[in-house]
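Chain identifiers are assigned alphabetically (A, B, ...) following the order of the sequence lines, protein sequences preceding nucleic acid strands; residue numbering begins at 1 within each chain. If you're wondering where the values come from, they're calculated on a predicted model, not measured in any experiment.
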Amino acid sequence: MTPFRDLPIRRKLRLLTLAPTVTALLLASTGFLIWDIVIQRREIREDVRAEAQVLPENMAASITFERPDEVDEMLAVLEIRPHVRHACVYNLKGALYGRYARQGELGCPAAAPPRNAFGWNTYEVVADITYDAEKAGVFYLSRDLRDVHRRLVVGSATIVSLLLVAVAAALALAQRMQRSISEPLLDLADTARRVSASRDYSIRANSLARDEIGIVVRAFNEMLDHIADRTAELSKANTELRHEVDERKRVERDRVAALEREREANRLKDEFLATLSHELRTPMNAVLGWARVLRSTSADEATRERGLESIERNARAQARLIEDLLEVSRIVTGKLRLQVREIDLAAIVDTTVDIVKPAALAKRLRLTVQIDVRPALTLGDPDRLQQVIWNLLSNAVKFTPPDGAVVVELTRKDGYVLTVQDSGPGIEAKFLPYVFDAFRQADASATREHGGLGLGLAIAKQLVEAHGGTIEAESAESDRGARFEVFLPSVVEGSQPPGVAVEVPRFDTVDSSLLTGVDVLVVDDDEDARLLLQMTLSRYGAAVTTVGSVGEAMESIDRAVPDVLLSDIGMPHEDGYDLLRRLRARPPEHGGRIPAVAVTAYASSTDRASTQAVGYQAHVAKPFEPGDVARLVRRLVASDDARAT
Amino acid sequence: MTRRLLLTALVIGAVRGAPLAQDVSREYRVKAAYLYNFVKYVEWPDTSKGRILICVAGQNPFGTVLESLIRNERVHGVPLATEVIIEARTDCDVLFTPRTSAGISAYLRGAAGLPTLTVGETPRFVEQGGMIGFYTDGVNVRFEINPDAATRAKLKISSRLLQLAKIVETASEER
């Protein structure tokens, strides 16, 4: 049996309604029944007592005058009283004197009972028969009480039936009325259970009532609101926290990676600087050494010739080195500009092969050239492409041991494919992915076998890609050689982008009459530079005047206005910019319009723009190619002449 | 109590030389008791005399039975007394005329107009103007009553007594 506390609320409410009803009904009915029985018994008592009073009064005379027949006759009157079982009269001697017995009832006892007895089945009354205060006999009457019992049974049955009907009615009513309490509560309990099971705080209990349960339900819903808000806030804070942690981790990772990259970059830079230093010093050493030898008068003609040759070669190597550096700088700063025109790739390959042929021959290498297309026409910057091809070829020659073989192929396939294959040691697999990276060399140690800055391939890659092509390196195994493949698209004439400067084709042959009759004024604080320009331009037939400062230059112009002015930029006191500003301030007849060329080691594009801004028509980077400078001067004079005429 | 009285009466009767109780017949013992009991069922118009006197005319057939029966007994709040009379008297409340007494009608005349309950045992006693007359029905002593005579004497006889008696109507005879 479940205790009342743990019963479901529906049953509790039902019990709450039923228990008082049933109890009240039972108490009332039982009370009524008992009262009824008490009343009835009292009535019976009164009734029987009256009977026992009236009858004996009349009998006294009959006994006194010895008329038992009269007594019997009087008792016979009791026939109309259905509940009298029997009635007896005894005389003074105690003998039975008269009797009455209902049909089927027992007769009178031999002697009268001593007193009244209100029994369960019978009520026995004993009364003296007196007349005028004198006792004449004893009257005894037995009243049947079974009708009372029947009435009790019938009454109880009626009450029980009424009770059942009342309980049923109460139950039906309670069933309907308890809903107003139990249903919101059950809904609340159900909601609480669902919320607890699903952790879904958006569920709400329903309540329309304005009673206390309604208040509880609304409070519960508000509590759920709070919990939902709190949970959402917590979850949001949690997410934010997680994001923050993730972000911090990412930042930390990035920072570590950046640090690593920086470290690596620093390492590479250090290596590069060491290499650069070495590479710059090596030719410098030869130049300086030979220069010292040549200054001594004892040197004979053959030695002088060898020395000069060595100086020139080393100086060129250094110039090449510096050019490479500048190239890289341009590529890195995104200022690489291609001088695009129609070119014949086959011719460029031929020329480049000719350049490296002496080195190959020196190492007894078999240099095979296979060119399937001729001419291989496309658009491109011939100098840059030559640079690329030269780089690949010189690498092949450099890395191939003596008596090896280098194969150069140019084929047509969608575009042009140039392949350079050597029989050298090849490229290590772990270095292969970095072969085109700047400042990277397979062997960066000071004792390495091969010199160079490690910039060649990086520059080659950038230049090829600038032409819309690709470059790839393969090396199947060590000792099986390396293979470089350059793809260049075949671009038809006319599709070249506008605005690309087209340079005058260059000729390597010295035309000694190119600058005949041209007066050139050279301004440079460095005497060697002045001398070099004077020598160079003189070879082309120009009349060259040299001065060491801006002041001297202005004096020279005052004396005679030259056709062209070549000036250094970086000079003490007054620089090349000052010179041009002062010059351009003059009227044309005093040299205000002289074409001017900046010849400077400041070779960046910014410098170039600055020089043009103050009035220089052209810019030549040191060190310069003598032919280029000559042709430039020629062109400037020609255009100046055209304008003048 | 009645038994004790009876016993006392018997003892006294023996002393006085009157007929002893055992000498008195069952018939008169019954009649003595009836006489005594009649007093109870009759109401007299005047009860201020202080006693009820039962007179036995002529010869006393009860011996000491009646006297001992009524001795110390009170009916209607007054004591009883019995006397044997030889001539009509006016102070008798009850007058019993045995069959052996002579001149019953003289006694009756003497009692006429008086509130005296006349009781007799002769066959035509109530027809002669008596109020209660004994008769024998086999072995049982019975009585008959002339209610009109009692009414004329201003006596009130209880209906319970009348119920037990044979009622004799003499009214027509009187008229």
Side-chain angles (χ1 to χ4, degrees), chain A residues 49-81 84 87-100 110-112 114-115 125-141, chain B residues 1-7 26-44 47 52 69-80 117 119 121 132-145 147 156-167:
Chain A
R49 286 251 174 93
E51 206 84 70
Q53 211 159 16
V54 173
L55 268 176
E57 254 177 52
N58 292 330
M59 282 173 193
S62 304
I63 296 167
T64 303
F65 298 105
E66 297 187 16
R67 294 290 297 273
D69 56 322
E70 283 289 324
V71 170
D72 284 347
E73 210 170 293
M74 269 185 264
L75 289 176
V77 172
L78 292 171
E79 184 67 41
I80 60 159
R81 303 276 182 187
V84 173
C88 316
V89 172
Y90 302 87
N91 62 13
L92 284 174
K93 297 190 187 95
L96 188 60
Y97 198 76
R99 70 176 69 173
Y100 164 76
R115 63 186 72 85
V125 176
V126 183
D128 283 346
I129 299 169
T130 54
Y131 182 78
D132 200 20
E134 196 162 333
K135 184 176 173 181
V138 174
F139 177 76
Y140 163 70
L141 187 142
Chain B
M1 187 180 182
T2 316
R3 278 169 206 239
R4 190 168 49 80
L5 289 174
L6 203 64
L7 203 67
R26 184 189 168 271
E27 183 195 344
Y28 282 102
R29 284 205 301 274
V30 169
K31 284 180 178 170
Y34 277 20
L35 265 180
Y36 162 62
N37 282 316
F38 285 153
V39 175
K40 295 178 186 171
Y41 291 93
V42 176
E43 280 178 39
W44 279 263
T47 52
I52 290 170
L69 256 179
I70 63 171
R71 187 178 297 156
N72 298 328
E73 291 290 337
R74 294 172 84 91
V75 178
H76 303 313
V78 293
L80 298 176
L117 179 73
V119 182
E121 54 180 350
I132 299 174
F134 289 112
Y135 68 94
T136 306
D137 173 19
V139 293
N140 295 317
V141 175
R142 296 274 189 269
F143 47 89
E144 51 188 9
I145 292 175
K156 212 173 180 178
I157 297 175
S158 164
S159 60
R160 291 194 179 103
L161 192 64
L162 291 172
Q163 234 170 5
L164 299 175
K166 191 163 109 187
I167 304 301

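- Neither the backbone nor the side chain of B/Ser159 comes within contact range of chain A; no heavy atom of the residue lies under 4.5 Å from a heavy atom of that chain.
- Using a 4.5 Å cut-off between heavy atoms, B/Phe38 touches chain A through backbone and side chain atoms alike.
- Using a 4.5 Å heavy-atom threshold, the side chains of A/Phe65 and B/Leu161 count as touching.
- Between B/Tyr41 and A/Ala61, the shortest heavy-atom contact is OH-CA, 2.9 Å.
- One finds the CD atom of A/Glu66 at 9.5 Å from the CG atom of B/Asn37 (value rounded to the nearest 0.5 Å).
- Listed here is the closest heavy atom pair of A/Asn58 and B/Arg160: OD1-NE, 2.7 Å.
- The distance from atom CD of A/Glu73 to atom CD of B/Gln163, rounded to the nearest 0.5 Å, is 8.5 Å.
- Counting non-hydrogen atoms of other residues, nucleotides and ligands closer than 6.0 Å to CZ of B/Arg142 gives a total above 12.
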